[in-house]
Amino acid sequence: MDFGRDMTKTPGIVAKSNIRLVDETHLGDDPLDRELCLKANEAAKDLFFGNDYTTSKQATDNSEDEETLKLIDCSLYNEQHLPPARRLIQPNDLVVVFESFNDLNFVYATPNDIFSNRNGHFHHNDFIGKPYGCKIRSKDNEGLGFLYLLRPTPELWARSLPHRTQIVHELDASMITHYLEISPNMTVCESGTGSGAMSHVILRSIAPKGKLHTYEFNKMRVGKARKEFEGHGLGHLVQVHHRDVCGKKNLLAAKNGANSEEGIEQSAEDDALTDSATTDVDNDDMNEEEEVDDGKGGFQLGQAAAHAIFLDLPEPWLAVPHAAYTIKPNGRICSYSPCMEQTQKTVAAMKQNGFHSMRTVEARLKEYYVDEYEMETPPSDLLDIPTEEAVSLEKERQVGGTQKTKESEDKTDNDIKVNGKKRSNDSVKGPSRKILCARPFAHMRGHTAFLTFATAGNKLRPDPNASLT
Ligand code: SAM
C-alpha cells in the first residue's frame, strides 16, 4: 500500500487529491459564475494544502505557487482516487488476488514463486511489471484458469488478510472513521491491534503525516502486525506497542493484594497471553526498541497527546481512565463491544471520566441487487378500484355459476367494463419487457458490535498511574 506518500511533493497533486479544480477555459462568460468558480478553486487549494499553503502563498506573493499549483485542464483530467499508488506491480509488492467474488487471497510478488489454486498455477514473474487490475492466465490447464491482480486497499485487505482475531469489518470501520472524525495528520491511539484490519483503515485516513499508536498485549500479534505494516509501506505512520493498556496486573494486585492467590493466578494467565505463541514470530520483528510493559496500563504518550482513541478490547472500561488522560480536550473516543453488558460498563466509565455526548449505535448492512429483469407489465387500463357493475357481475358469477342473467350474457368472459370503459381480459397480460428492480441480498450480515462514541470534556484529566509507585 502506498498511501503514506508525502502529498505536497507529489507531482500532479491536484488531480491526485481528488479535488477537482475548474480550468479557466471552463468558467463560462457569466461574471458571477467565474467569480464563484475562482473562489471555490482557492478554497479547495487552501483546504487541501492547509495552512502551509496559505502561509507560503502570502510570503511569496503567489508567483512560485502558481508554478506548483497549476490548474489542470478538465478535459485531460485523469480520474484518480486516494490513495495514490504505483500503477505497476513491483517485486515484493502486496497484491490482492481475486479468485472469485467470494474468494480473495493475497501474495507478495516474489520473483520465481508460484501461486497455486484449484484453477491452476500462476507464476509471480508474470505479475511483476503488470498493472494492478490486470487478468493473469494460468501456466497450466491450457491457460483456462485466471486471476485478477488487485491493488490493495484497506477494504480488500480486510477481506483477504490472515485472521488472527475477530476483525472490524467495512461497515463498522467506516462508521468509526467518520464519527471519530479521523483525518490526515492526526495522532490516533488504538487497542488492541489484533489482525490489524482497523489499523489499515485508520492509517489511510491519517496519511500522509499522522501517527497511529496501536497497542497489543499478545506478543505474536505484535510481531506479525509490525511485519505487515512494514511490508505494506506503512511503517512510518504506525508504532506497534507491546503493552496491556488496561494495566490489569496492577489493578488485580491493588485489589487482591500482590500475594493473594487470585492475584497470582490472574497474573500467570496474563503472562501466558503476553508471551503466547512466540514461536512463529521472527525475532527481528520484536527487537524494535522493545518497550517494557510496566504493567500499569495506559498509552504512555503523555497528557492530551491523541486526537482520537479507538478501543476494541474485552474490558474497555478499564482503559477508559487512561484514554481520558491521553486524549486531547474535545477529542473523540469509540469503543467496539459485541455485548450490551460491556457497552453499559464502558458508558458508565466514560461518564465518570469526563466524556460526554455518548451515543451507542449498531450498524447493519442491507445490500441490494439493482438490475434489469424481464417482467410482464401491467395493462395500462387496469384500474385499482372496480366499478359497482364489475363487482356485481363478479358476485353473479360466483353465485350463479352457469345460471347467467341476460345482462351478464351480454358481457362475454373476455369483456369487462371498468369505470365505464370496455377492457378486454386479454390485456391483463401486458407485454413482457425489462424493468429496473431492486431486491435485497439473500444473506444479510447480522450483529457485529455496539459502537459507543463519546467526546472528551474540555478539561485536562489526571494520569490514573500518577498514584502508582
Ligand atoms: N480491531 C482489530 C482488527 O480489526 O483486526 C481486532 C482486535 S481483537 C478483537 C482484540 C485484540 O485486543 C486481541 O488481539 C487481544 O489480544 C487484544 N487485547 C485484549 N486485551 C488487551 C489489553 N488489555 N491490552 C492490549 N491488547 C489487548
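Computed from a predicted model, the values in this text were never measured in an experiment. Note that ligands are numbered from 1 as they come in the structure, with each ligand's atoms numbered from 1 the same way.
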Side chains of residues 446-457: which donor-acceptor pairs under 3.5 Å do they make with residues two or more places apart or in other chains?
| from | atom 1 | to | atom 2 | distance (Å) |
| --- | --- | --- | --- | --- |
| His447 | ND1 | Glu362 | OE2 | 2.5 |
| His447 | NE2 | Pro338 | O | 2.9 |
| Thr448 | OG1 | Asp172 | OD2 | 2.5 |
| Thr452 | OG1 | Thr360 | OG1 | 2.9 |
| Thr455 | OG1 | Arg332 | NH1 | 2.8 |

For this session: Evaluate the criterion ring pair (Phe, Tyr, Trp, His ring centres under 6.0 Å) for residue pair Phe441 and Tyr368; output intermediate values, then yes/no.
Result: CA-CA 5 Å; Phe441 278 30; Tyr368 284 85; 8.2 Å; no
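Listed by number with element, the atoms of ligand 1 under 4.0 Å from a non-hydrogen atom of Gly194 are 6 (C), 7 (C), 14 (O). For ligand 1, the atoms closer than 4.0 angstrom to any heavy atom of Met198 are 3 (C), 4 (O). Heavy-atom contacts of Ser195 reach the following atoms of ligand 1: 5 (O) (cutoff under 4.0 Å). Listed by number with element, the atoms of ligand 1 under 4.0 Å from a non-hydrogen atom of Gly196 are 5 (O). Per-residue contacts place Arg243 under 4.0 angstrom from the following atoms of ligand 1 (heavy atoms of the residue considered): 24 (N), 25 (C). Numbered from 1 in the order shown, with element, the atoms of ligand 1 that lie under 4.0 Å from a heavy atom of Cys246 read 23 (N). Each of the atoms 6 (C), 8 (S), 9 (C) of ligand 1 lies under 4.0 Å from some heavy atom of Gln166.
For Pro314, no nitrogen or oxygen atom sits less than 3.5 Å from a nitrogen or oxygen atom of ligand 1, counting backbone and side chain alike. At under 3.5 Å, not a single nitrogen or oxygen of Glu190, backbone or side chain, sits near a nitrogen or oxygen of ligand 1. At least one N or O atom of Val168, backbone or side chain, sits closer than 3.5 Å to an N or O atom of ligand 1.
Contact check on Glu315 versus Lys345 returns no salt bridge, with no Lys/Arg side-chain nitrogen under 4.0 Å from an Asp/Glu carboxylate oxygen. The pair Arg243-Asp294 meets the salt-bridge criterion, since a charged nitrogen lies less than 4.0 angstrom from a carboxylate oxygen.
Taking the six-membered ring where the residue is Trp, the centroids of His322 and Tyr325 are separated by 6.0 Å or more.
Between the side chains of Thr214 and Glu190, at least one donor N or O lies within less than 3.5 Å of an accepting N or O. Asp113 and Tyr108 are not linked by any side-chain donor-acceptor pair at a separation below 3.5 angstrom, with hydrogens and angles left out of the test. In this structure, a donor-acceptor pair under 3.5 Å is absent between the side chains of His163 and Ser195. Asn105 and Asn117 are not linked by any side-chain donor-acceptor pair at a separation below 3.5 angstrom, with hydrogens and angles left out of the test. Side-chain contact check for Thr326 and Gln303: no donor-acceptor pair (N or O, by modelled atom type) lies under 3.5 Å.
The proximity of Ile167 to ligand 1, defined as any non-hydrogen pair under 4.0 Å, involves the side chain as well as the backbone. At a 4.0 Å heavy-atom cut-off, ligand 1 does not touch Lys248 at all. Both the backbone and the side chain of Ala197 come within 4.0 Å of ligand 1, judged by heavy-atom distances.
Closest heavy-atom approach to atom 27 (C) of ligand 1 among the candidates Ile202, Leu311, Leu161, Leu313: Leu313. For atom 20 (N) of ligand 1, the candidate residues are Tyr215, Phe310, Phe217; the nearest heavy-atom contact is made by Phe217. The heavy atom nearest to atom 22 (C) of ligand 1, considering only Val222, Asp312, Asp244, is found in Asp244.
Partners of Asp103 under the side chain to side chain contact (heavy atoms under 4.5 Å, CB included) rule, at least two apart in sequence or in another chain, are Glu99, Ser100, Arg118.
Heavy atoms of Glu315 come nearer than 4.0 angstrom to ligand 1 in no pair at all. In this structure, Thr193 has a heavy atom closer than 4.0 Å to ligand 1.
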